[in-house]
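FYI, the numbering just counts along the sequence from 1.
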Amino acid sequence: MFLFLFYSKIIFTEIISCKIIALPFQELIPINIPEKDINKTSLFLNNYLEYKTFTEISIGTPPKKLPFLINSNIKAFRLRKGELFSTLNFSKYANYIPSQSSSFKNISNTLDFNFYNYKYSFVNDTILLCLNKECNKEIKINNTNIQLEIIHNINENNYEYIYGEFGFSTSKSNGCILNDLKNKEIIDSIIISIEYTSDKEGVIYIGEYPHIYNNNNYKFSENILMTAYNIPVQGNTNQLKLKLNRLYFIDKDNNEYIDFNNNIILFNFGLGIILCTKEYYDKILEIFFNKYINLNICKINIEIKERNEYYIISCEKKEEFKIEEFPSLFLFKQELKYTFELNYKDLFQEINKIYYFSIVYFPFSNYFEIGKPFFKKYQITYNEDSNTIHYYNELLKYGNKQSNNTVNVNNNNNKSILYIISIVGEIFIIFGIIILVIMSKFCKSDHLCHKKKLRINRIYEEFEYNSSIIDN
């Protein structure tokens, strides 16, 4: 009986299975800044301004596993030459040589593009992507569009490529890896969720909402899925843009709300810190840091990178430095019905007994640009098809506000119906088996039992027939 229930569960699980791709990622930065380095703030800025995370993807036939940077500023899926970082152990990876892959196809000659001095050629090859965060299930994708970095005076088909880039930009454009996955029906929608599983690791899910692919998690329910619309971004940025209703903090005595006039934020997964406006920077100095600067506990470090100035605040770890009194930053969005809070635990990093403030002032930034400190604490979902930003507001579980705030998610109705069918089907199976067990106890003769067995066989055959109808 238990085996029968087990296999019936598998049948119905297959019916409601969803199409997602999982990209387990890790940070690609040193764990600590060495004591011998004099300019520690420069290293801090380099590590987190150009914040790098990578995943592992197998490419070619036979497959070669390579590290792929997750690049939030591009849409392409491309392979690069040269070294990446000394902190990455390349010995565990096998380099990809296009000419040695039986599934490799050069399609550059068939494309009509007019790029001046473009340094990539266009090819097709097979890749393997994970279907869950454990990556114990993979899907093989043939003829994936790939860009190969061209090596001048070298036949790029014979050159060894040691790493790649997975384009993760949220700007809408054709010819990217996300569109390729959708066109091949690997996923149904370009829906992206970022989940940090630890300080240095996480998973990016592509293709569905968390309450669909992770419906056993109490945190995710369609009834508490809130929606806000992404503001179309003008200019060169590829990041999500959200207008908040309030952006503020409260002073140390909890008696003054300090609101900021500029309440527009950009979400940037490729940023390990937060870039702030002058308005916030001046106020946080006045309210919190200046007294410690006067005591020579904190200092302002101005780092110059590509002619741009970045103001980084660092403080010594001393008893006099009351870090727990730091005023939290609050972000309130009415459509999401939630106030996000970033406190001192989220906004300071301790490295070699120095606290680095993760909010950095960049004079040319007109908005708050939100990176890892936010994503690590709050899981945000983005739907490129509807241009919407989503958040699961658990606070709504404890009230009756859900009724007017539920979100109609495309393609979810059919999945919900199939889920109900699976539950009802399993209930009927359980009751049927109980009845059959009871009936078997009342068999009075071999002939009667034989008739019962015939009926059992017919029921089983009907179940198989009905199951096939549901599958179809």
Side-chain angles (χ1 to χ4, degrees), residues 22-35 37 40-56 67-72 84-89 92 130 132-135 166 168 192-206 210 214 217 219-220 239-240 265-276 310 312-317 321 323-324 326 328-331 340-360 368-382 391-392 394:
L23 297 177
F25 67 84
Q26 303 175 50
E27 283 189 356
L28 189 58
I29 57 175
I31 297 175
N32 290 306
I33 297 175
E35 289 280 2
D37 292 309
K40 298 175 184 177
T41 54
S42 177
L43 292 175
F44 173 81
L45 183 67
N46 289 338
N47 286 336
Y48 290 100
L49 182 64
E50 298 178 0
Y51 179 61
K52 289 181 171 58
T53 58
F54 75 98
T55 188
E56 297 177 342
F68 273 75
L69 287 181
I70 299 172
N71 191 333
S72 62
L84 180 59
F85 274 106
S86 59
T87 54
L88 185 63
N89 181 16
K92 61 182 286 190
C130 302
N132 53 32
K133 66 179 179 181
E134 294 81 15
C135 207
F166 191 105
F168 190 57
I192 303 167
S193 295
I194 301 171
E195 175 191 356
Y196 270 85
T197 56
S198 70
D199 182 54
K200 305 290 185 182
E201 299 178 330
V203 185
I204 296 173
Y205 294 97
I206 303 171
N214 197 3
N217 192 325
K219 292 183 179 180
F220 305 123
Q239 313 308 328
L240 300 180
I265 63 172
L266 299 177
F267 287 120
N268 186 350
F269 176 68
L271 189 65
I273 53 179
I274 293 174
L275 299 180
C276 71
Y310 296 89
I312 302 170
I313 300 174
S314 62
C315 303
E316 296 180 32
K317 185 179 182 181
F321 182 55
I323 190 174
E324 66 278 357
F326 178 82
S328 297
L329 178 64
F330 296 96
L331 306 89
F340 302 94
E341 178 185 1
L342 297 175
N343 57 34
Y344 74 95
K345 295 180 181 179
D346 308 310
L347 297 176
F348 285 88
Q349 294 190 51
E350 181 187 349
I351 304 174
N352 294 332
K353 297 181 180 181
I354 298 292
Y355 287 116
Y356 292 88
F357 188 40
S358 293
I359 298 183
V360 175
F368 269 81
E369 197 161 343
I370 307 293
K372 177 192 172 181
F374 184 91
F375 289 111
K376 179 185 169 184
K377 189 172 185 178
Y378 299 106
Q379 183 170 337
I380 297 295
T381 298
Y382 172 64
Y391 179 70
Y392 291 88
E394 292 185 68

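With D346 contributing its side chain and N343 its backbone, the two residues share a donor-acceptor pair below 3.5 Å. Using a distance-only test at 3.5 Å, with no hydrogens or angles considered, a donor-acceptor pair links the side chain of K377 to the main chain of E341.
Counting heavy atoms from C-beta on, the side chains of Y355 and Y344 never come closer than 4.5 Å. For the pair F25/L23, no side-chain contact is recorded, criterion being any heavy-atom separation below 4.5 Å from C-beta on. Counting heavy atoms from C-beta outward, V360 and L49 have side chains that stay 4.5 Å or more apart. Side-chain contact between L275 and N268 is absent, with no heavy atoms from C-beta onward closer than 4.5 Å. Side-chain contact between K372 and D199 is present, with heavy atoms from C-beta onward closer than 4.5 Å. Side-chain contact check for F269 versus I70: some heavy-atom pair is nearer than 4.5 Å. Two residues are said to be in side-chain contact when any heavy atoms from C-beta on lie closer than 4.5 Å; L347 and F357 meet this criterion.
None of F374, F267, F375 except one satisfies the ring pair (Phe, Tyr, Trp, His ring centres under 6.0 Å) rule with F340; the exception is F374. Of the residues L69, I192, T53, the one that meets the side-chain contact (heavy atoms from CB on, under 4.5 Å) test with F168 is I192.
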Review point. Should K219 and E195 be marked as a salt bridge (Lys or Arg N to Asp or Glu O under 4.0 Å) after you check the CA-CA gap, both sets of side-chain angles, and the distance that decides it?
Key: CA-CA 13 Å; K219 292 183 179 180; E195 175 191 356; over 6 Å; no
Practice item. Under the side chain to side chain contact (heavy atoms under 4.5 Å, CB included) rule, what do I359 and L342 come out as? Steps first, then yes or no, please. Key: CA-CA 11 Å; I359 298 183; L342 297 175; over 6 Å; no
Exercise for review: Check the pair I354, F44 against side chain to side chain contact (heavy atoms under 4.5 Å, CB included), reporting the backbone distance first and the verdict last.
Suggested key: CA-CA 11 Å; I354 298 292; F44 173 81; over 6 Å; no
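Y51 approaches E27 most closely through the heavy-atom pair OH-OE2, 2.8 Å.
Residues passing the salt bridge (Lys or Arg N to Asp or Glu O under 4.0 Å) test with K345, sequence neighbours excluded: none. In this view, E201 satisfies the salt bridge (Lys or Arg N to Asp or Glu O under 4.0 Å) rule with no residue, not counting sequence neighbours.
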